Visitor: 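Please find one structure pasted underneath; my questions will follow.
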There are 2 protein chains.
Amino acid sequence: MPQTSLSSALFTLAQSYRVTVREAINANELGLNAMHVRCLHIIAETQHCTANDIVAKTGRDKAQIARLVKELIKLELVSKCADENDKRCLILSFTEQGNALFSRLEVAEQEVDAKLCHGLTDQQVRDFIAIATTMIENINHNTP
Amino acid sequence: MPQTSLSSALFTLAQSYRVTVREAINANELGLNAMHVRCLHIIAETQHCTANDIVAKTGRDKAQIARLVKELIKLELVSKCADENDKRCLILSFTEQGNALFSRLEVAEQEVDAKLCHGLTDQQVRDFIAIATTMIENINHNTP
DNA sequence: AGCGTATAGTTGACTATATCAACTATTGGG
DNA sequence: CCCAATAGTTGATATAGTCAACTATACGCT
């Protein structure tokens, strides 16, 4: 199955990745999907993280994020707490369970990534990410 | 907005691409989405193309493909006709309108691709596609 | 020939994902 | 103190993707 064009490579890859992550996650008996995982990552890497930060970093609709966060809270992985200075801002942070799960998740992800990158050099992977990042910037910025 | 990991680069890129293609397509007043476009490409590049070929090349569910094809037929872009030797196979081909539209589509896509690849060399783009293709193979094949 | 099985495609019901628009609550600036 | 702006929530709806059951044709077989 040769991939000819950029677009078909992208679509196929994104689709395959989604399916694989989902399998990996189901295999790990977590009730999470790829977007949940992205949220968890952003919460982990952002101190003082709000729902709005997730919206900004993912580019998704804020309604979607609100619901994802709600689910994470219901799963008791994340808790929210109003900012003292600005009570509109609800700061998201991991619960203990959230921390534990995130560790497991990182392991599972590393496995998926390792599989994905099998036969590729570190340099190739770095280049790939760099080019993808350039493309993302191209798409987001020059929007004439 | 720095992209750190492979997965977030992939997701963001796929999402941005989808949005951009959709905008380009809506701007061109066609009632098509990204999957329609993929189907049209496959029909164009596959002689004697059946629905099953599209299923094989996209990895999507055959129900989804059946519905996409149905829509393309309703839009009178594509027609289907039973194979003489095997009446189960319905061969898909462009109508005149389909041909005309596909030409327009190619122009629109080239614009999206050009935008996406702005500032990148041809070699970088080729490498990118090659790496993506390797990743797709890694994901599809070694599924232990 | 006639039987069973495989294949191509279709359809219904469903789930998941994403988007839009209207809403509340809080804030900071004049 | 009022108003525009911001953070978040919710309902309705649209879009995308999946599963399972079904029809129709074809192929292989004894």
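Every heavy atom of this structure was used, including side-chain atoms; hydrogens, water molecules and symmetry mates were not. Bear in mind the structure is a predicted one, so any value in this text is a computation, not a measurement. A, B, ... follow the sequence lines: proteins, then strands. Residue 1 opens every chain.
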Visitor: Can you pull out how bent the helix from dA1(C)-dT30(D) to dG30(C)-dC1(D) is, comparing the axes over its first five and last five pairs, to 10°?
Guide: 20°
Visitor: Between L90(B) (CG) and dT23(D) (P), how many Å, whole number?
Guide: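 The answer, rounded to whole Å, is 18 Å.
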Visitor: Would you indicate, yes or no, if dA16(D) has its OP1 or OP2 atom less than 4.0 angstrom from a side-chain nitrogen or oxygen of N33(B)?
Guide: yes
Visitor: Between K62(B) and dT11(C), is there a contact of a side-chain N or O with OP1 or OP2 at under 4.0 Å?
Guide: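 Checking dT11(C) against K62(B), no side-chain N or O comes under 4.0 Å of OP1 or OP2.
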Visitor: Relative to the 5' end of DNA chain D, which residue comes earlier, D61(A) or C89(A), by the nucleotide with the nearest heavy atom?
Guide: C89(A)
Visitor: Which whole-number value in Å describes the distance from N52(A) CG to dA7(D) P?
Guide: 4 Å
Visitor: Write down the distance between NZ (K80(B)) and P (dA8(C)), rounded to a whole number of angstrom.
Guide: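 Rounding to the nearest Å, NZ of K80(B) and P of dA8(C) are 15 Å apart.
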Visitor: Using a 4.0 Å heavy-atom cut-off across all strands, classify A63(B) as base, sugar-phosphate, or nothing.
Guide: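 It contacts base atoms.
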Visitor: With hydrogens left out and only the distance checked, is there a donor-acceptor pair under 3.5 Å joining R67(A)'s side chain and the base of dG11(D)?
Guide: yes
Visitor: Measure from CE on M35(A) to P on dA18(C) and round the result to the nearest Å.
Guide: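 One finds 6 Å between P of dA18(C) and CE of M35(A), rounded.
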Visitor: Separation of I54(B) atom CD1 from dG9(C) atom P, in whole Å?
Guide: 9 Å
Visitor: So what does R60(A) hit on the nucleic acid, given a heavy-atom distance under 4.0 Å: a base, only sugar-phosphate, or nothing?
Guide: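 Sugar-phosphate contact only.
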Visitor: Are there more than 12 heavy atoms of other residues, nucleotides or ligands under 6.0 Å from atom CD of Q123(B)?
Guide: yes
Visitor: In whole Å, what is the span from the CD atom of Q64(B) to the C1' atom of dT15(C)?
Guide: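 It works out to 13 Å between those atoms.
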Visitor: Check nucleotides 24-30 of chain C against the protein and report each pair of N or O atoms closer than 3.5 Å, with its distance, or say if there are none.
Guide:
| unit_1 | atom_1 | unit_2 | atom_2 | d |
| --- | --- | --- | --- | --- |
| dT26(C) | O2 | R88(A) | NH1 | 3.4 |
| dT27(C) | OP1 | K87(A) | N | 3.0 |

Visitor: Going by salt bridge (charged side-chain N to carboxylate O under 4.0 Å, His left out), name the residues that satisfy it together with R88(A), two or more places apart in sequence or in a different chain.
Guide: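 So R88(A) forms a salt bridge (charged side-chain N to carboxylate O under 4.0 Å, His left out) with D86(A).
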